[in-house]
There are 2 protein chains.
Amino acid sequence: MRAKLSDVAAAAGVSTSTVSLVLNDRARRIPAATREKVRRAAAEVGYSPNALARSLRTRRTRTVGLLSDRIATTPYAGRLLSGAQDVALSNDHLVVLVNTDGDREIEVDAVATLASHQVDAMIYAAMWHRLVPVPEGLPPGTVFLDCRPEGGGFPAVVPDDERGGRAATEVLLASGHRRIAYIDADEEDLPIASGLRLAGYRAALLEAGITPDPALHVRAEVNAAGGRSALGRLIALPPRQRPTGIFCFNDRIASGVYSAAHRAGLEIPRDLSVVGYDDQQLIAAELDPPLTTVALPHEAMGRWATEVALGIREIEKDGEIHRMECPVVLRSSVGPPLTSITPASDGPTATPSGRTGATTEAVPGWQPGSEEGTP
Amino acid sequence: MRAKLSDVAAAAGVSTSTVSLVLNDRARRIPAATREKVRRAAAEVGYSPNALARSLRTRRTRTVGLLSDRIATTPYAGRLLSGAQDVALSNDHLVVLVNTDGDREIEVDAVATLASHQVDAMIYAAMWHRLVPVPEGLPPGTVFLDCRPEGGGFPAVVPDDERGGRAATEVLLASGHRRIAYIDADEEDLPIASGLRLAGYRAALLEAGITPDPALHVRAEVNAAGGRSALGRLIALPPRQRPTGIFCFNDRIASGVYSAAHRAGLEIPRDLSVVGYDDQQLIAAELDPPLTTVALPHEAMGRWATEVALGIREIEKDGEIHRMECPVVLRSSVGPPLTSITPASDGPTATPSGRTGATTEAVPGWQPGSEEGTP
DNA sequence: GTGAAAGCGCTAACAA
DNA sequence: TTGTTAGCGCTTTCAC
């Protein structure tokens with residue numbers, strides 16, 4: 001069996017309380033000589049404290065329970081966890097992870113289990129911004145991460161999707177675009193982010209004196225195929241209505257836009273500027289050209305949640321939700337619109353090269369919207 | 001404070017031992033009436049057991065420590081964790097996660113912390129198949145997940161990369177390809193997977209009576225840009241040497257091959273067949289056409305490791321490493337080579353359409369290798 | 001069948 | 001300055 005406190009005490013020839021005091025650095029009144037002696041003895045017998053016994057006594061386990069709906073399916077999980085883990089570790093806490101797969105029953109069980117393990121704090125994380133029912137028995141003070149508790153009453157941190165949508169749109173506006181499309185999510189379960197980003201998009205447009213054109217707000221499945229088909233619909237618009245820049249609900253859609261654009265003979269960003277959302281490394285950084293996108297602040301949210309849970313960070317009003325800024329990641333998928341550009345360095349402003357033999361629908365006559373179609 | 005065992009005992013009018021017996025289902029000799037009474041009392045006072053106290057007594061915490069080098073940077077983390085978590089949970093265990101970011105010092109600390117928290121089992125996970133130094137103080141019996149301990153002596157589970165490389169190549173062979181390239185990793189820190197997959201590739205070729213052509217083994221950075229440049233080099237080969245099928249070290253490289261191929265006017269799989277590795281959802285499933293690839297069995301490895309750690313699964317020889325099969329995921333990026341195909345339905349067999357106006361290097365004269373170049 | 005009592009390893013009053 | 005002592009909440013042998 002492992003050495004325990006009394007073994008150290010015996011070896012050092014002192015009492016267990018002295019050992020405890022010394023080893024916990026509460027030994028202000030104990031002479032250096034004794035301290036040394038104790039330390040040496042501890043090392044000698046290979047003492048390793050039993051956190052269980054300590055916690056039973058102190059009523060603090062130095063653990064935080066992290067309950068999450070699903071961690072496997074989404075590549076975000078990592079950053080969320082790593083933010084949380086980081087804060088926890090640097091504050092001497094361990095994180096106990098429970099993945100519920102969204103199963104309500106497992107969830108309630110897990111809350112109970114975590115509680116019975118006496119975690120000092122609890123975090124409830126979702127893998128995307130949504131409204132979640134509060135699991136039965138959830139201890140007060142539990143922090144909601146990337147989701148909002150139905151009915152409120154708990155601190156929560158979520159991405160500021162509205163500001164993100166606005167920022168994405170503003171990138172396009174700043175480059176001179178006026179006809180900006182938004183390829184929105186077509187899903188039932190992303191209502192929060194979708195609505196907020198849309199609101200940000202509209203607000204940015206309005207602020208720039210542009211009336212949002214309903215034809216430029218299209219919906220798509222949140223994947224590459226959705227992006228491809230949405231771009232098809234945008235391309236099918238009458239020339240004057242076509243967008244010169246597109247803000248996509250997420251990077252997956254953007255990647256679909258890329259491939260459909262390439263097939264249609266459009267070059268990004270020369271013929272079309274694209275902004276995504278999420279900053280998924282595997283997509284955004286790897287596309288050619290690399291995608292300008294809005295990053296979801298998963299790491300920062302994970303940190304915030306843990307800090308609040310651990311009581312390191314004060315929150316203003318109780319139960320208020322904290323909106324975390326989504327920073328824009330500037331890469332190379334946005335450029336000035338063709339029409340407003342000064343004679344380009346690498347060719348005529350009008351009529352980008354069509355291609356022959358493109359496998360899918362080529363759009364030889366494609367031109368940016370505000371340029372009246374060639375006769 | 002929360003209700004404890006003695007509260008239940010008081011409420012039920014029995015002793016704590018009786019309550020303990022009943023609540024732990026060890027109450028064989030206790031009449032149903034008493035059991036009912038105890039259960040009712042427990043519910044009434046809202047009893048919730050204190051796992052700490054129990055564990056202190058029983059010397060079992062029902063927790064497993066999961067130590068990993070990094071969980072944030074890679075999208076694999078999720079499946080690894082979820083496999084582990086799943087097995088743990090269904091065996092009534094909690095997983096305590098520590099992310100060390102590859103920092104040796106944190107690692108040693110974490111081992112100690114986990115040990116002091118008396119975890120029943122420990123797993124050491126890497127985020128990709130590699131050889132890792134064994135952290136000081138690691139308890140015997142610790143299971144290595146997706147990595148191999150230097151010097152052995154611990155059970156370990158890793159992907160069977162050689163068989164995976166072989167399987168990938170065989171998919172291409174089965175479709176009739178004879179000139180198959182392997183775009184290998186160019187990195188120093190992926191020696192195991194890289195070498196094994198190469199060996200599998202070679203073995204498959206040899207078995208099919210094909211002598212591996214060194215010119216078809218190229219190296220690339222393990223990302224899209226690497227894939228693009230590697231395809232460029234392959235395209236630059238003399239026509240008769242060009243491959244008709246490519247096996248890529250990973251999906252990121254494959255996605256680069258896709259985009260470079262499209263730019264070069266090559267259609268997948270008509271002009272070129274591609275097989276990836278990793279089965280990264282964000283890439284493989286989203287490419288157009290969807291990528292045939294070899295899946296890394298992260299979930300299965302996570303399960304295996306946890307089962308072994310928990311003693312649910314017997315292992316044969318101690319310290320032996322278990323190779324987990326990497327299943328091929330058939331999608332649509334592989335077809336027969338152009339040369340062996342019967343006259344195609346949608347055009348002539350020879351000379352795939354070149355494109356005008358392609359932004360990067362177009363290869364109008366491209367043809368599959370075994371077809372002698374057009375004059 | 002049920003209860004009393006000991007003790008898991010530690011901390012923290014309080015005494016000395 | 002150090003030691004004694006009493007638990008933290010639970011399980012488990014052993015008496016009754």
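Residue numbering restarts at 1 for every chain, and letters A, B, ... go by the order of the sequence lines. All values below were derived from every heavy atom in this structure, side-chain atoms included, with hydrogens, water molecules and symmetry-related copies excluded. Note that the structure is predicted; figures quoted are calculated from it, not measured.
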Exercise for review: Nearest 0.5 Å please: distance from the CZ atom of A:Arg35 over to the CG atom of A:Leu23.
Suggested key: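 Here the interatomic distance stands at 12.0 Å.
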Check your understanding: Of all residues at least two apart in sequence or in a different chain, which pass the ring pair (Phe, Tyr, Trp, His ring centres under 6.0 Å) check with B:His298?
Key ->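 Result, ring pair (Phe, Tyr, Trp, His ring centres under 6.0 Å) vs B:His298: B:Tyr76.
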Grab the [atom1]-[atom2] distance between [X] and [N] for me, whole Å please.
X: A:Leu56; N: D:dG7; atom1: CG; atom2: C1'; answer: 9 Å
X: A:Lys4; N: C:dT11; atom1: NZ; atom2: P; answer: 14 Å
X: A:Asn50; N: C:dG9; atom1: CG; atom2: P; answer: 7 Å
X: B:Arg59; N: D:dC10; atom1: CZ; atom2: P; answer: 18 Å
X: A:Asp7; N: C:dC8; atom1: CG; atom2: P; answer: 11 Å

Point to revise | Inter- and intrachain pairs under salt bridge (Lys or Arg N to Asp or Glu O under 4.0 Å), touching residues 37-48 of chain B, at least two apart | key: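 Output for this query lists B:Asp25-B:Arg39, B:Glu36-B:Arg40.
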Exercise for review: Any salt bridge (Lys or Arg N to Asp or Glu O under 4.0 Å) involving residues 131-144 of chain A? Give me the pairs, sequence neighbours left out, ordered by first then second residue.
Suggested key: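 Qualifying pairs: none.
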Point to revise | 5'-most by nearest nucleotide on DNA chain D - B:Leu52 or B:Arg26 | key: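 It is B:Leu52 whose nearest nucleotide is closer to the 5' end.
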The criterion is side chain to side chain donor-acceptor pair (under 3.5 Å); which residues satisfy it with [X], sequence neighbours excluded?
X: B:Asp120; value: B:Thr61
X: A:Asn91; value: none
X: A:Asp69; value: A:Arg130

Expected list for residues 138-147 of chain A: side-chain donor-acceptor pairs under 3.5 angstrom, two or more places apart:
unit_1	atom_1	unit_2	atom_2	d
A:Thr142	OG1	A:Pro139	O	2.6
A:Asp146	OD1	A:His129	N	3.4

Review point. Which residues in residues 31-43 of chain A have at least one heavy atom lying under 4.0 Å from any atom of DNA chain D?
Key: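 Nucleic-acid contacts, sorted: A:Pro31, A:Thr34.
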Are any of [X]'s side-chain N or O atoms less than 4.0 Å away from OP1 or OP2 of [N]?
X: B:Arg57; N: D:dC8; result: no
X: A:Asn24; N: C:dT11; result: yes
X: B:Arg54; N: C:dC8; result: no

Scan [X] against the nucleic acid and name what it touches under 4.0 Å (heavy atoms): base, sugar-phosphate only, or nothing.
X: A:Arg60; result: nothing
X: A:Leu5; result: base
X: B:Ser20; result: base

Exercise for review: Enumerate the residue pairs fulfilling side chain to side chain donor-acceptor pair (under 3.5 Å) with a member in residues 6-15 of chain A, sequence neighbours excluded, ordered by first and then second residue.
Suggested key: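 For residues 6-15 of chain A: A:Ser15-A:Ser17, A:Ser15-A:Thr18.
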Check your understanding: If you draw a 6.0 Å radius around CD in B:Glu150, do more than 12 non-hydrogen atoms from other residues or ligands fall strictly inside?
Key ->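 Atom CD in B:Glu150 is crowded, with more than 12 foreign heavy atoms closer than 6.0 Å.
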Check your understanding: Among all residues two or more places apart in sequence or in another chain, which pass the side chain to side chain contact (heavy atoms under 4.5 Å, CB included) test with A:Ile106?
Key ->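 Here the qualifying residues are A:Thr100, A:Asp103, B:Leu89.
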For nucleotides 3-5 of chain C, list the nitrogen or oxygen atoms of the protein found under 3.5 Å from its nitrogen or oxygen atoms, one pair per line.
unit_1	atom_1	unit_2	atom_2	d
C:dG3	OP2	B:Ser15	N	2.8
C:dG3	OP2	B:Ser15	OG	3.3
C:dG3	OP2	B:Thr18	OG1	2.9
C:dA4	N6	B:Ser17	OG	3.0

Exercise for review: Can you pull out how bent the helix from C:dG1-D:dC16 to C:dA16-D:dT1 is, comparing the axes over its first five and last five pairs, to 10°?
Suggested key: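 About 40°, once rounded to a multiple of 10°.
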Review point. Between the side chains of B:Ser55 and B:Gln118, does any donor sit under 3.5 Å from an acceptor?
Key: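 No, B:Gln118 and B:Ser55 have no side-chain donor paired with an acceptor closer than 3.5 Å.
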